[in-house]
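What follows is one structure encoded as structure tokens, with my remarks underneath.
Residue numbers start from 1 in every chain, and the chains themselves are labelled A, B, ... in the order their sequence lines are given, proteins ahead of strands. Remember, predicted model here, so these are calculated numbers, not experimental data.
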Amino acid sequence: MYVDQYSIIKKPMTLGDVVTRLEAKTDLSTTKRRDLVSAVRTAARLLHRSPEDLPASVEDLRNRLADIHPVQASISLKRLANVKSGLVAAIEMTVTTCRIRKRQRPRSPAWATLVQSTPQKWQAYTLSRFSHFCSSQGIEPTDVSDDVLVRFEEHLSKEVLTKKPEKIVKITRQTWNGLAERVHPELPALTKPPSRRVLTRDLSTYPASFQADIEAWIARLETVDFLEDDGPAKALRPTSLRNVRACLRQFADALVKSGVKPDELLGLSDLVDPETVKRGLRYLRERDGGNRPSHHTIMAQLIAVARYHVRVSGDIEKVLKSIQAKVSVAYDGMTDKNRNRLGQFRDERNIDLLLDLPRHLVSKAGKVKDAGRNQALMVMHAVAIDILLACPMRIGNLSSLSIDQHLTWRGEGREQRVAIAIPGSEVKNRQPITIDLSVETSKLLDRYIHSWRPKLEGSSGNALFTQTNGNARTPSRFGQDISRTIKRETGIVMNAHLFRHLAALLFLDKHPGEYETVRRLLGHKNLNTTTKFYAPFETWRATERYETEVLQVRRAVK
DNA sequence: ATTCGAAGATGCTTTTGGTG
DNA sequence: CACCAAAAGCATCTTCGAAT
């Protein structure tokens with residue numbers, strides 16, 4: 001590489017330099033200096049790096065610090081906040097030359113009036129930081145433009161250690177536009193950037209004959225005519241029908257995006273011609289940067305359509321099958337993501353944290369003086385997690401538990417226990433679920449129903465985990481609630497379904513090879529399914545045993 | 001002063017029984 | 001017993017709202 005001999009090659013500043021400069025700073029009190037140096041060192045320690053190896057860049061440190069959770073790092077939330085604040089202050093003092101000072105001059109009169117007169121208090125909060133930023137830059141409310149928002153985002157990401165600058169910008173824009181639209185017509189509206197999400201064309205934008213053809217195909221899948229010879233053996237469930245529709249919509253969209261005119265799609269037969277299929281798949285592969293499971297699913301739907309609806313020749317069907325084979329994605333048992341998430345539980349501390357979480361949540365809720373909705377939700381999550389630990393059912397079944405239909409109380413007083421019974425028709429694989437909860441879990445459930453659930457709107461209904469409208473929480477919603485609570489309280493990243501894997505893992509850890517028990521616990525129909533999933537984890541135990549039995553010996557010898 | 005929560009919609013991924 | 005189809009589940013976006 002050619003290097004200009006006259007140019008001075010500057011090494012990027014590191015946190016090591018920040019410490020050196022801080023220590024040389026005579027205008028700081030000894031205490032202040034000590035605190036700042038400590039903050040920088042602690043931050044580096046949390047990141048498992050030496051200060052010299054970390055760039056003195058707020059932007060870079062934000063990303064690194066984003067994954068630090070106080071519980072996992074064994075420090076208090078407050079201490080972590082103090083460390084972050086000290087870190088930014090230290091960088092400001094030693095590295096950054098120009099920055100917008102916090103709490104400097106008051107905002108300009110126009111900004112002050114605007115923010116103080118918002119209809120809702122939260123709007124003032126939301127716009128607080130933005131208004132100070134603009135004011136300090138000499139930008140009045142009427143001068144606000146998309147460009148100003150860009151500079152605001154730059155300020156947030158380069159000079160402040162907030163978690164998600166882009167989210168703050170998004171909410172600022174939303175709040176601003178809300179005010180501009182409803183309260184202050186004189187204010188300029190901000191442009192909403194296009195969503196990065198792929199959205200397919202709505203089916204209603206295709207020719208009527210195409211829409212009708214799809215509906216006919218769906219209708220065929222959802223009804224069983226026992227007199228029909230080659231009809232489906234059983235009616236598909238609503239979820240599957242939704243997926244069929246989605247696949248066809250996504251493929252039609254792929255064709256349009258690759259240049260086919262929507263008007264040219266007159267029926268399903270226009271989707272399954274081999275050349276057309278290749279064209280669509282090429283587009284999808286290009287767009288997604290490789291094969292995806294969804295491409296394979298789409299292909300499967302197209303083949304079904306080709307075979308049973310369009311009734312293509314056997315030759316064509318063979319061609320389509322060979323195309324499908326080319327887009328398949330190798331998959332064995334469990335994905336890396338799930339494997340990694342389960343890996344968190346190789347640390348026994350995390351197992352304890354999770355097992356103890358229900359109790360922790362209840363006691364946390366109980367400590368609040370005027371406990372209200374939020375505390376009731378905490379106890380709701382405690383109950384959900386406790387049930388998942390005892391009986392790792394699918395989130396769909398958990399979220400729709402009904403007090404009247406699924407719960408039965410047995411026994412009296414201290415021995416009272418709650419039984420959960422879910423009929424097979426409500427379960428994914430049609431295996432009924434029956435479980436007697438432990439006395440402890442039953443007590444927790446009882447306390448939730450009698451003391452906490454009534455604090456929630458919608459508690460007059462039968463849903464154990466009620467929404468404000470009285471309906472049961474939706475599975476995806478409830479799953480997210482539970483994941484978030486677990487993440488917030490323990491730092492563990494998991495989803496509701498992982499409770500099933502975890503249960504199997506914990507049990508097999510204590511009782512190696514007892515797959516039959518795990519099969520019953522998880523309600524699998526086939527033992528095959530169980531072993532397929534969990535046999536790979538024997539490797540973990542193998543390395544652990546190697547560690548304890550062989551490496552320990554080495555230590556002893558040493 | 002700073003995000004956070006609820007809930008619906010939908011794209012995308014995973015699970016799981018069964019079959020060739 | 002590898003592979004596939006059915007039936008989920010998960011992640012993320014959107015919109016309307018607030019809590020600490």
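A salt bridge does not link A/Arg249 with A/Asp253: every distance from a Lys NZ or Arg NE/NH1/NH2 to an Asp or Glu carboxylate oxygen is 4.0 Å or more. Of the charged side-chain nitrogens involved, at least one lies within less than 4.0 Å of a carboxylate oxygen, so that A/Glu215 and A/Arg245 count as a salt-bridged pair. With respect to the salt-bridge test (charged N to carboxylate O, under 4.0 angstrom), the residues A/Glu489 and A/Lys364 qualify. A salt bridge between A/Glu154 and A/Arg151 is absent, with no side-chain N of the basic residue lying under 4.0 Å from a carboxylate O of the acidic one.
Rounded to whole angstrom, the span from the CG atom of A/Leu498 across to the C1' atom of B/dT15 amounts to 13 Å. A/Trp217 has its CH2 atom 11 Å from the P atom of C/dA5, to the nearest Å. When rounded to the nearest whole Å, the span between NZ of A/Lys487 and P of B/dC4 equals 11 Å. Rounded to a whole Å, the CG atom of A/Leu522 is 14 Å from the P atom of C/dG9. Rounded to whole angstrom, the span from the CG atom of A/Leu236 across to the P atom of C/dA6 amounts to 6 Å. Rounded to whole angstrom, the span from the NE2 atom of A/His501 across to the P atom of B/dT14 amounts to 10 Å. For the pair A/Asn338 CG and B/dT16 P, the computed distance is 11 Å after rounding to whole Å. Spacing between atom CD1 of A/Ile482 and atom C1' of B/dA6 amounts to 15 Å, rounded to whole angstrom units.
Residue A/Ala496 is classed as a sugar-phosphate contact, given heavy-atom separations below 4.0 Å to backbone atoms only. Contact annotation for A/Gly396: backbone-only contact, meaning every heavy-atom pair under 4.0 Å involves sugar-phosphate atoms and none involves a base. As judged by a 4.0 angstrom heavy-atom cut-off over every strand, A/Arg341 is placed among residues touching the sugar-phosphate backbone only. Nucleic acid contact for A/Arg249: sugar-phosphate only, since backbone atoms but no base atoms lie under 4.0 Å from a heavy atom of the residue. Across all strands, A/Thr474 comes closer than 4.0 Å only to sugar-phosphate atoms, never to a base (heavy-atom distances).
Regarding contacts with the backbone of C/dC10, every side-chain N or O of A/Arg477 stays at 4.0 angstrom or more from both OP1 and OP2. The phosphate of C/dG9 has neither OP1 nor OP2 within less than 4.0 Å of any side-chain N or O from A/Ser476. Under 4.0 angstrom from either OP1 or OP2 of C/dG9 there lies no side-chain N or O belonging to A/Arg500. Close to C/dA7, at under 4.0 Å from its OP1 or OP2, lies a side-chain N or O of A/Ser240. Phosphate proximity of B/dC12 to A/Arg287: present, with a side-chain N or O under 4.0 Å from OP1 or OP2. In terms of phosphate contacts, A/Arg237 brings a side-chain nitrogen or oxygen within less than 4.0 Å of OP1 or OP2 of C/dA8. For the OP1/OP2 pair of C/dC10 and a distance below 4.0 Å, the side-chain nitrogens and oxygens of A/Ser483 include no atom meeting the criterion. Taking 4.0 angstrom as the limit, A/His296 places none of its side-chain polar atoms (N or O) nearer than this to OP1 or OP2 of C/dA5. OP1 and OP2 of C/dA8 both lie 4.0 Å or more from every side-chain N or O belonging to A/Asn397. Proximity of A/Gln324 to the phosphate of C/dC3: no side-chain N or O atom is located under 4.0 Å from OP1 or OP2.
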Look for any protein N or O under 3.5 Å of an N or O in nucleotides 17-20 of chain B and output each such pair with its distance, or none.
from, atom 1, to, atom 2, distance (Å)
B/dG17, OP1, A/Asn429, ND2, 2.8
B/dG17, OP1, A/Lys525, N, 2.9
B/dG17, OP2, A/Thr529, OG1, 2.3

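The environment of A/Arg201 atom CZ is dense: over 12 non-hydrogen atoms of other residues, nucleotides or ligands sit within 6.0 angstrom. Applying the 6.0 Å contact sphere to NZ of A/Lys487 captures no more than 12 heavy atoms from other residues, nucleotides or ligands. Other residues, nucleotides and ligands place no more than 12 heavy atoms under 6.0 Å from the CZ atom of A/Arg282.
Counting heavy atoms from C-beta outward, A/Ile486 and A/Phe499 have side chains that approach closer than 4.5 Å.
One N or O donor and one acceptor, one from the side chain of A/Gln480 and one from the base of C/dT12, sit under 3.5 Å apart. Counting distance only, with no hydrogens placed and no angle test, the side-chain atoms of A/Asn243 and the base atoms of C/dA8 include a donor-acceptor pair under 3.5 Å.
Residue A/Arg484 places its side chain closer to B/dG5 than to any other of C/dA11, B/dT15, B/dG5. Checking B/dC12, B/dT3, C/dC10 against every side-chain atom of A/Ile168, the shortest atom distance belongs to B/dT3. If you check B/dA6, B/dG5, B/dT16 against the side chain of A/Arg488, the one that comes closest is B/dG5.
Under the salt bridge (Lys or Arg N to Asp or Glu O under 4.0 Å) criterion, no residue pair touches residues 284-293 of chain A, with sequence neighbours excluded.
Nearest-nucleotide assignment on DNA chain C puts the 5′-proximal partner with A/Thr297, out of A/Met494 and A/Thr297.
Centroid-to-centroid, the aromatic rings of A/Phe152 and A/Phe130 come within less than 6.0 Å.
Side chains of A/Thr529 and A/His524: no donor on one and acceptor on the other come within 3.5 Å.
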* Could you encode protein contacts along nucleotides 15-20 of chain C as a string, one character per nucleotide from 5' to 3', using B for base contact, S for sugar-phosphate-only contact and - for no contact, with a heavy-atom cut-off of under 4.0 Å? => BB-BBB
